Structures are given as structure tokens and as C-alpha cells.
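One structure below.
Side chains included, hydrogens not; waters and symmetry mates left out as well; all remaining heavy atoms used. This one's a predicted model, so the numbers in the text were calculated from it and none came from an experiment.
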There are 2 protein chains.
Amino acid sequence: MSTNDKKRVTSYDVAKEAGVSQSAVSRVFLEGRSVSKATRKKVLATANRMGYKPNAIARMLITKRSGMVAVIMSTTANLNYPEVLSLVNENLRHRNERLLLFTLDDEAGLSALLEQIWTFQVDGVIALAAHFDHQTLTQFKEHGIPVVLYNRKVSDQSANSVCCNHEHGIGLLIDLLIDHNHKNFLIVSGPSVSEVGRERRAVAVTHLEKKGFSDVPIVSGDYSYDSGRQALRQHDPVKSKTTAVICGNDAMALGVIDEARETFGLKIPEDLSVVGFDGINPANWYSYQLTTIKQPIEQMTKAAIDILIEQIEDPTSPAQLRMWSGKLIEGNSVAKAKS
Amino acid sequence: MSTNDKKRVTSYDVAKEAGVSQSAVSRVFLEGRSVSKATRKKVLATANRMGYKPNAIARMLITKRSGMVAVIMSTTANLNYPEVLSLVNENLRHRNERLLLFTLDDEAGLSALLEQIWTFQVDGVIALAAHFDHQTLTQFKEHGIPVVLYNRKVSDQSANSVCCNHEHGIGLLIDLLIDHNHKNFLIVSGPSVSEVGRERRAVAVTHLEKKGFSDVPIVSGDYSYDSGRQALRQHDPVKSKTTAVICGNDAMALGVIDEARETFGLKIPEDLSVVGFDGINPANWYSYQLTTIKQPIEQMTKAAIDILIEQIEDPTSPAQLRMWSGKLIEGNSVAKAKS
DNA sequence: TTGTAGGCGTTATCAG
DNA sequence: CTGATAACGCCTACAA
């Protein structure tokens with residue numbers, strides 16, 4: 001009667017119509033099952049005619065594998081995550097997994113999020129910029145769900161992770177600035193809620209101290225362009241005689257550059273040197289040409305999925321950490337310090 | 001024995017342990033089912049103790065609702081889609097639906113993609129920047145899967161869609177340029193494979209003709225910053241005496257601006273006026289301050305999900321089109337044409 | 001309010 | 001190679 005009466009056609013319907021058993025139909029739609037050419041042909045024909053599509057939900061129920069991987073992103077994410085997300089999706093597709101997207105805004109949302117994860121029976125989890133504590137990781141282990149952390153090392157090496165070596169990259173940048181004779185630094189750090197933010201800040205401070213620069217001023221942003229601008233406004237580079245700004249990511253670095261130009265009338269890099277981190281596209285645009293570290297996100301995302309699939313297929317395989325050093329991109333945002 | 005022997009605990013296990021029937025357990029975890037306070041408490045307690053989580057897959061199988069919405073993005077997407085994606089996800093979350101992400105690169109991938117959609121029993125589909133032809137839409141109708149198109153009107157009004165009124169927005173931009181005395185235009189259009197790209201180009205051409213400017217040169221890009229640069233290189237603005245460039249989106253407009261500055265040594269807007277479309281964040285950055293049309297993506301995404309949910313709950317409800325006019329953002333990329 | 005029994009659409013296991 | 005039959009874990013009448 002009504003337009004949505006059409007019941008979905010099932011393997012049973014096809015079986016009856018084709019004059020074979022239901023299991024025969026099932027086998028036709030599975031890889032590497034033994035089916036004679038004749039029946040396969042017959043089944044395929046009637047299936048097509050009837051518009052039959054296997055029901056993945058029913059399959060999930062019996063095989064205990066959903067074919068879905070949860071990807072968890074922070075809403076306060078770094079600007080390069082859209083690109084990472086797209087690469088993750090691509091890699092998952094090649095491994096015949098689908099991407100179920102979740103976002104995590106604050107600590108409060110975590111438990112609700114986890115409920116979803118458990119009930120949806122995802123095969124695994126990729127954590128992008130999500131701050132999982134040790135307890136959360138333990139829960140995943142208890143539920144038997146493999147997790148790969150992206151750009152977040154866990155101290156005890158009990159979890160899988162892929163990361164970019166921030167220490168190495170920031171070291172390169174700072175050394176470059178020191179080579180250019182800079183002595184008055186400012187650190188514009190990412191937010192403290194971000195693991196990566198904290199780590200990059202700590203690494204910068206340590207490296208600077210090692211080179212003899214202590215008590216370097218720090219202003220925190222939230223990874224956004226606007227927060228970069230605000231950070232510089234908060235720490236007047238002229239009054240403070242700052243000659244070099246080390247930023248926690250590229251987006252803030254671009255904000256710093258624009259604020260320096262507009263509010264303080266400075267020229268980049270002649271009056272102020274600025275470095276970032278990530279290697280996002282806009283950093284390379286002509287109006288900025290930021291000197292930064294480019295993360296090897298293709299390799300990182302591919303490895304993340306490789307590790308995840310490995311863990312899904314063999315849950316006993318040991319946890320791995322894979323790390324890459326980023327590549328120094330010399331733009332045009334660093335110059336000799338004026339003496 | 002081995003570490004992954006722990007079977008998932010089911011409602012049966014909880015029932016046995018709590019001394020009630022399996023259906024009692026089921027009811028406890030469903031809204032608005034009649035359960036006595038006593039048993040609810042008892043069940044909840046043992047469920048917690050045993051770490052029971054309802055299995056969404058089994059539920060999907062019986063309720064015939066997966067709680068998942070497929071979102072389809074083109075890989076050649078406009079730069080503003082990451083933001084749109086995030087808003088879509090947020091809106092879905094409020095409606096208790098999960099986001100299953102698919103990307104569509106070329107025509108070839110379409111059939112493989114559709115197979116996935118059918119088998120995964122998604123409740124509905126949001127098509128972001130995906131070029132669905134009429135036949136594809138018909139297939140969705142046959143499968144009873146509601147679809148909402150984002151920024152793509154379908155001529156016969158048979159499909160749901162939310163869009164920004166490109167005609168209106170581009171009209172505003174062109175009128176603004178004409179008011180500033182411009183006479184020599186260049187259109188940097190989006191790719192022809194993109195519905196939006198074709199529409200914005202057609203609208204621009206028509207509007208210009210209506211105002212007495214015919215045979216305006218057109219160069220096509222692929223929506224990327226680099227393609228904007230290339231487009232301008234291909235159509236030397238100095239030789240051609242171009243004074244105003246109308247771009248198919250913001251990213252290309254930024255490329256045009258940078259190419260004008262670097263390669264042709266032009267000042268924006270004194271020597272060349274540039275307008276874009278979308279209202280992405282970088283367009284507003286100090287180094288660009290692009291005059292553009294901002295799409296109301298919050299309203300658009302919310303409406304898209306509202307419509308989708310409505311269709312899911314009542315498949316007989318009629319198709320809708322909702323359209324908004326964008327908002328003119330007057331930046332600093334348009335000036336009086338030099339005569 | 002509770003329990004019983006049937007089914008959702010597959011895949012897996014076995015005989016044949 | 002093929003066909004019964006039993007899961008998978010839950011929801012939903014229906015009867016008590």
C-alpha cells in the first residue's frame with residue numbers, strides 16, 4: 001500500500017527464487033567459499049534481478065567484526081587534522097574498514113563517548129588529538145579494543161602510537177634561530193589541555209635552557225590563528241625587545257605574523273623571526289612563507305592504520321611506537337637578529 | 001587461557017546473574033519501558049558489576065535502524081568542507097545519530113561506494129559536494145534511504161537540499177565591483193566536475209551579461225589555492241588590463257591575490273580587485289582581508305540534519321529545498337578601478 | 001510488571 | 001559442492 005512497504009530482499013528470498021539453499025546464496029557473496037560455477041551464476045543473476053544486497057549488520061552480529069573503526073577528534077584540534085582525517089579515511093578504505101567519526105569536546109563528554117564506542121562494537125580506535133588518560137586506555141584494553149594514539153606518546157609504552165618527533169623538530173628550529181643570532185625569545189605555546197601542546201612547550205623550554213637561555217617568556221594560545229594574534233598582543237614584542245617567536249603550531253604562527261605586521265608595524269622576518277610547527281598548507285602561502293617543521297602525515301597515518309589492523313587481526317601482538325622526525329621547511333620568516 | 005578469551009557479557013548473562021528474565025534486562029536499557037524500581041535497580045547493579053553494555057549491532061538488526069548516517073564528501077572538496085563536516089557531526093550527535101564517513105573521488109568509485117551504503121543499512125545520507133546524478137538519486141529512493149544534498153539543487157525538486165543562494169551572493173559581489181567602476185573582469189571558476197562550480201560560473205556570466213559585459217574571459221581551477229595562482233598566471237592581468245577577478249571560491253581568490261603580488265607585483269586592492277565566495281577563515285586574515293560572501297553554514301548544516309531526521313522518521317514527508325542568501329563580507333580587496 | 005517464545009539476516013559447522 | 005541447523009544478542013508481542 002504505502003510507499004515504504006517494500007521489504008528488503010534477503011538471502012532467503014533469493015534462495016527460494018533461485019531454487020537453492022540460503023547458505024548457497026551466502027557463500028556466493030563471500031570470498032573464497034566453494035561454490036560451483038553454475039550455482040554462482042544462477043544466484044548472482046537472480047540476486048541482481050531482485051536487487052539483493054547482503055545485510056552488513058547481520059554479518060557483523062555473527063562475525064563479531066563490525067568493519068568500522070572509530071576516529072576520535074578533539075574539537076579544539078590543531079588545524080592540520082582535517083587533512084589527517086582524510087588520509088586516515090583513505091587508508092581505512094584500502095583495508096576495508098569504515099570510519100565512524102566521534103568528536104570529543106571536553107572531559108565531560110568522554111564517558112558518553114565511551115558508551116557509544118562499547119555499544120557500537122567498533123573494531124578499533126584511532127585517537128586524534130584526544131586526551132586519553134591511563135584509565136581510559138585500560139578500559140579499552142579490558143574491552144579488547146585496539147587503540148592507536150596519534151601524536152601522543154604514552155609514558156609506559158603500553159599503548160600503540162605514531163608520532164612526530166617534536167623534540168628533534170623543535171631543536172632544529174631553535175638551533176636555526178640561535179644560528180641567526182637571536183637571544184630574546186618568546187614561546188607561544190599550545191593549550192595545556194593538549195598533550196602535544198604541553199610536550200612541545202616543555203621541549204622548547206628544555207632545549208633553550210640547554211643552550212643557555214633560561215626564563216624564556218611563555219604565552220599560551222588555543223592553536224587558533226586568533227589566539228596567536230592575541231598572544232603577541234599580550235606580550236608586546238617591541239617593548240620586550242623580542243626578536244624571535246617560537247610557536248606551538250603553524251596557525252598561531254600565522255596569527256603572530258599578522259599581529260606583528262598590523263599592530264606593531266613590524267616586518268617579517270627583518271624585524272621579527274617566527275617559526276611554527278606542522279607544515280599546513282597556508283604556512284607555505286606567499287604572504288607567510290613560514291619556516292616550520294612539516295610532519296610526515298602520509299607516513300604517520302598509514303602506519304597508524306597498519307598497526308591498528310595488525311592488532312585487530314592479532315590482539316596478542318605487542319604494542320608499538322613509531323616515530324618520525326619532521327622535515328625542516330625553510331621559508332622566509334627567519335632572518336639575522338638585529339644587534 | 002589466552003588474554004582475549006573473555007567473552008562479551010550479554011543480556012542473558014546479566015539476567016541469569018540477577019535472577020530475572022533476559023527481556024527484563026533489555027527493558028531496563030530501553031527508554032520508557034515498564035520496569036519496577038526494584039528490578040531496575042537490581043539489574044543495573046549487576047550489569048555494572050559485570051561490565052555489561054548493550055550490543056548496538058544486535059539492536060540494529062531487530063529495530064532496522066542503524067543509528068548511522070553516511071556523509072559523502074568529494075576529495076576535491078572546497079576548502080570549507082572540514083568545517084561543515086564538523087558541524088554536521090555535531091548536529092547528528094544531538095539527534096543521536098553517528099557519522100559514517102565516505103569519500104568519493106571519481107565517477108568510478110561511485111558504484112563501490114553505493115554498495116557500501118546499501119549493505120551498511122545507514123538511516124540516511126548527507127551528500128557534501130558529491131556529484132550525484134538523477135539515476136543515483138533514484139536508486140536511493142528505491143532503497144528507501146533519505147538523502148539531503150548540500151549546496152546542490154536538483155532541477156526537478158524531487159530531492160531534499162539545503163543551499164546557499166549563489167545567484168544572489170555573486171550578484172552582490174559583481175554589483176559591488178561595477179559600483180567601483182570596474183570594466184575588465186576575469187572569472188576564475190571552480191572545476192566543471194563540481195555542480196557548485198558550474199553553477200557559480202554560469203551565474204556570474206549571466207549577471208555580467210545582464211549588466212552589459214559579455215565575453216568575459218574564464219579560467220578554470222580546481223578550488224585550490226595553487227590553482228588560483230595558476231589561473232592568474234595563465235591570464236596575465238597586466239597584459240589583459242584586468243582590474244577585477246571574480247573567483248569561484250575563497251581559496252582560489254587567495255591564490256590569485258598572492259600570484260598578483262608575487263609574480264605581477266600588483267597591490268591589492270589598488271591595482272587589482274579580487275572577490276571570493278564561502279567566507280573561510282583565512283579569507284579574513286590580515287594579509288588577505290578578502291571581500292567575499294559568507295555562507296551560513298551553521299544554519300545550513302542544522303537544516304540538513306533536521307530535514308534528514310524528519311525523512312527518516314516519516315519517509316512519506318515531501319522533499320524540501322531550503323535556501324539562504326549569504327552575507328556580504330566587505331574586506332579590503334576591492335577598490336575603485338583606475339581609469 | 002514480568003517471563004516465554006519468536007524472529008531480525010547473516011555466517012559457521014557439519015553431515016551428506 | 002550443497003543443504004540443514006545452530007548460533008549471534010537483542011527487541012517485541014503475547015500471555016501470565
Side-chain angles (χ1 to χ4, degrees), chain A residues 6-44 46-47 50-68 96 115 118-123 143-144, chain B residues 6-44 46-47 50-68 115-116 118-123 143-144:
Chain A
K6 29 175 117 95
K7 272 174 32 190
R8 279 189 64 87
V9 17
T10 74
S11 54
Y12 261 100
D13 304 332
V14 176
K16 201 188 299 174
E17 186 81 7
V20 297
S21 75
Q22 182 274 333
S23 10
V25 177
S26 175
R27 280 192 281 260
V28 168
F29 285 88
L30 259 36
E31 299 280 325
R33 300 304 200 273
S34 64
V35 188
S36 75
K37 273 218 162 142
T39 53
R40 148 161 288 130
K41 192 175 166 188
K42 190 166 50 178
V43 166
L44 240 34
T46 62
M50 302 177 73
Y52 167 72
K53 314 285 173 191
N55 183 327
I57 306 290
R59 174 182 297 158
M60 292 176 201
L61 189 57
I62 188 109
T63 60
K64 291 159 174 296
R65 177 144 175 193
S66 66
M68 301 189 297
N96 195 30
E115 287 306 308
W118 311 143
T119 64
F120 270 80
Q121 317 283 108
V122 296
D123 297 336
H143 283 264
Chain B
K6 29 175 119 103
K7 271 174 34 192
R8 277 189 66 87
V9 17
T10 75
S11 55
Y12 261 100
D13 303 331
V14 176
K16 200 188 300 173
E17 186 80 7
V20 296
S21 76
Q22 182 273 333
S23 32
V25 177
S26 174
R27 280 191 282 258
V28 167
F29 285 88
L30 259 38
E31 300 279 323
R33 300 304 201 273
S34 66
V35 187
S36 76
K37 274 218 161 142
T39 53
R40 150 162 288 130
K41 191 174 165 188
K42 190 166 48 178
V43 167
L44 241 32
T46 60
M50 302 178 71
Y52 167 72
K53 314 285 175 190
N55 183 327
I57 306 289
R59 174 181 296 159
M60 292 177 200
L61 188 57
I62 193 132
T63 61
K64 292 161 174 297
R65 179 148 174 189
S66 66
M68 302 189 297
E115 286 307 307
Q116 303 264 324
W118 312 142
T119 64
F120 270 80
Q121 317 284 106
V122 296
D123 297 335
H143 283 264

N/O (side chain, A:Ser23) to phosphate O (OP1/OP2, D:dG3) under 4.0 Å: no

Residue met sooner reading DNA chain D from 5', once A:Val35 and B:Leu30 are mapped to nucleotides: A:Val35

Between D:dG9 (C1') and B:Met50 (CE): distance, integer Å: 14 Å

Closest-nucleotide 5' rank along DNA chain C - winner of B:Gln22 and A:Val25: B:Gln22

Whole-Å distance separating the CD1 atom of B:Ile57 from the P atom of D:dC10: 11 Å

Among C:dT10, C:dG7, D:dG9, the nucleotide that comes nearest once only the side chain of B:Asn55 is considered: D:dG9

Whole angstrom value for the distance that separates P of D:dC11 from CZ of B:Arg27: 11 Å

Test item: A:Lys53 and A:Phe29 side chains (from C-beta on) under 4.5 Å apart, heavy atoms: no

Interatomic distance, B:Met60 CE vs D:dC8 C1' [rounded to whole Å]: 14 Å

For atom CZ of A:Phe29 and atom P of C:dA12, their distance in whole Å: 16 Å

From D:dG3, D:dC10, C:dG3, nucleotide with atom closest to B:Ser21 side chain: C:dG3

Which nucleotide in C:dT10, C:dT13, C:dG3 has an atom nearest any side-chain atom of A:Ala58: C:dT10

Side-chain donor/acceptor of B:Arg27 to backbone N/O of B:Val25, under 3.5 Å: no

Whole angstrom value for the distance that separates P of C:dG9 from CZ of B:Phe120: 17 Å

Side chain A:Thr63 and base C:dT10 donor-acceptor under 3.5 Å: no

C:dT11 phosphate, OP1 or OP2, under 4.0 Å from A:Tyr12 side-chain N/O: no

Residue-phosphate contact under 4.0 Å: B:Thr39 side-chain N/O, C:dT2 OP1/OP2: yes

Heavy-atom check, side chain of B:Val14 versus side chain of B:Glu17, under 4.5 Å: no

Check: A:Asp123 side chain, A:Gly67 main-chain N or O, donor-acceptor pair, under 3.5 Å: yes

Interatomic distance, B:Asp13 CG vs D:dG9 C1' [rounded to whole Å]: 10 Å

Pair of N/O donor and acceptor under 3.5 Å linking C:dA12 base with A:Ser26 side chain: no

Phosphate-side-chain proximity, B:Arg59 and D:dC10, N/O vs OP1/OP2 below 4.0 Å: no

side-chain N/O A:Thr10 vs C:dG9 OP1/OP2, d < 4.0 Å: no

Under-4.0 Å side-chain N/O to phosphate OP1/OP2 contact, B:Arg33 with D:dT12: yes

Presence of B:Arg40 side-chain N/O under 4.0 Å of C:dT1 phosphate oxygens OP1/OP2: no

Out of D:dG3, C:dC8, D:dC8, whichever nucleotide has its closest atom nearest the side chain of A:Ala24: D:dG3

Any B:Ser11 side-chain nitrogen or oxygen under 4.0 Å from OP1 or OP2 of D:dC10: yes

Nearest-Å distance for atom pair CD1/C1', residues A:Ile62 and C:dA12: 6 Å

Sugar-phosphate, base or nothing in reach of B:Lys37, heavy atoms under 4.0 Å: nothing

Under 4.0 angstrom between A:Ser36 side-chain N/O and D:dC1 OP1 or OP2: no

B:Lys64 side chain near C:dG9 phosphate (N/O to OP1/OP2, under 4.0 Å): yes

Pairwise distance OH(A:Tyr52) to OG1(A:Thr46) - rounded to 0.5 angstrom: 10.5 Å

Heavy-atom closest pair, residues B:Val20 and B:Val43: CG2-CG2, 4.0 Å

Residue pair B:Arg8 / B:Asp13: nearest heavy atoms and the distance that separates them: O-OD2, 3.9 Å

